[in-house]
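Order of listing sets the numbers, starting from 1, for every ligand and every atom in it. Heavy-atom basis, side chains included; hydrogens, waters and symmetry copies ignored.
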Amino acid sequence: MSKHSYTFTHAITRKPGASITNGLRAQDTGTPSLERLLEHHAHYVAVLKSTGAEVTTLVPLEEFPDSVFVEDAALCLPEVAITMRPGTPSRFGEAGIMATTLAKIYDEVATIEGPGTIEGGDILVTEREILIGTSSRTNSSGIEELRAIVSRWNYSVREVQIPKGVLHFKTDCSLLDEETILSTKRLADSGCFKGYRIIHTADGEEACANSIRFNDLVLMPDGFIKTEEILLEAGYDIQKIGNSEAAKLDGGMSCLSLRFSPPQKLG
Ligand code: CIR
């Protein structure tokens, strides 16, 4: 049976542009190298494709330095695509541009109109529910607007709190399969994953919690050998991707793609 939360026929990515060096970051840990980022991005796209998925890579948007992090601009469900309302001014315009792309794929593209804000990085879709973290980018009003849209298809939405100082909910967690979540201890300790099987990131390796399950693979950032070992022992097929440059902008594996199986129209 198809698992909509981690099996996908398609993905959308956006090639990084030169303006990525001006991307937002919580702390300055150095300017990302565009050349290395392009290499990492090409590897990421190749790994998505290796699972059999069709991957569209959009052109760079120089006027939006963070637009490589396409996940934040939309949520793609099997029935509907929903463009987000980013919670930071330099990213406001990204959602409208993504809407144009998604309108070619989906019959129905819904829009978060506000006044609330919500970003895709705060949304974890599992087989049984949609978990959304409140963060500096996503608030309850944005979550309620999303809830109203997806209730048409009987999705259950649950608002959760994320640890202070964490950019997005999925900065600290990823779905591994229908019952398993990779999470930092600091997030799992809040109890938000009660009822799921939790695999904790190894101590000191919290930065690899932003991984993704994509079809048969788990894509994780390179350099987290203890957590990699834990996941291998648990039976997951791991692909490591260089993430040193995106990490300087607080980006990880989930941020770099929209993952979905489009409706029959173009499917
Ligand atoms: C930002 O601050 O918006 C970007 N520099 C990073 C976005 C990461 N996106 C994500 O976790 N979904």
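Tyr106 and Phe260 have tilted rings, their planes meeting at an angle from 30° to 60° on a 0 to 90° scale.
Every atom of ligand 1 with a heavy atom of Asp72 under 4.0 Å away is listed here by number and element: 7 (C), 8 (C), 9 (N), 10 (C), 12 (N). Residue-ligand proximity, Phe69 to ligand 1, at heavy-atom distances under 4.0 Å covers atoms 4 (C), 5 (N), 6 (C), 7 (C). Interface of Asp66 with ligand 1, defined as ligand atoms under 4.0 Å from a residue heavy atom, comprises 4 (C), 5 (N).
Below 3.5 Å of separation, one finds no N or O of Asp250 facing any N or O of ligand 1. When only interatomic distances are considered, the shortest N/O to N/O separation between Arg91 and ligand 1 falls below 3.5 Å. Ligand 1 has no N or O atom lying under 3.5 Å from any N or O atom of Gly251, backbone or side chain.
Summarising the local packing, CD of Glu54 is surrounded by 12 or fewer heavy atoms from other residues, nucleotides or ligands at distances under 6.0 Å.
The two residues Gly30 and Arg25 come nearest to each other via the heavy atoms O-NH1, 3.8 Å. Between Val218 and Ser211, the closest heavy-atom pair is CG1-CB, 4.4 Å. Residues His43 and Lys240 approach most closely at CE1-O, 3.2 Å, considering heavy atoms.
A salt bridge does not link Glu145 to Arg85: none of the charged nitrogens lies less than 4.0 Å from a carboxylate oxygen.
Closest heavy-atom approach to atom 10 (C) of ligand 1 among the candidates Cys255, Ser90, Gly121: Cys255.
Shown are Asp177, Thr180, Thr126; of these, the side-chain hydrogen bond (donor to acceptor under 3.5 Å, both in side chains) with Tyr196 is made only by Thr126.
Protein heavy atom in closest approach to atom 6 (C) of ligand 1: Leu249 O, 3.1 Å.
If you look at Arg137 next to ligand 1, the close heavy atoms, those under 4.0 Å, all belong to the side chain.
At least one heavy atom of Glu71 sits less than 4.0 Å from an atom of ligand 1.
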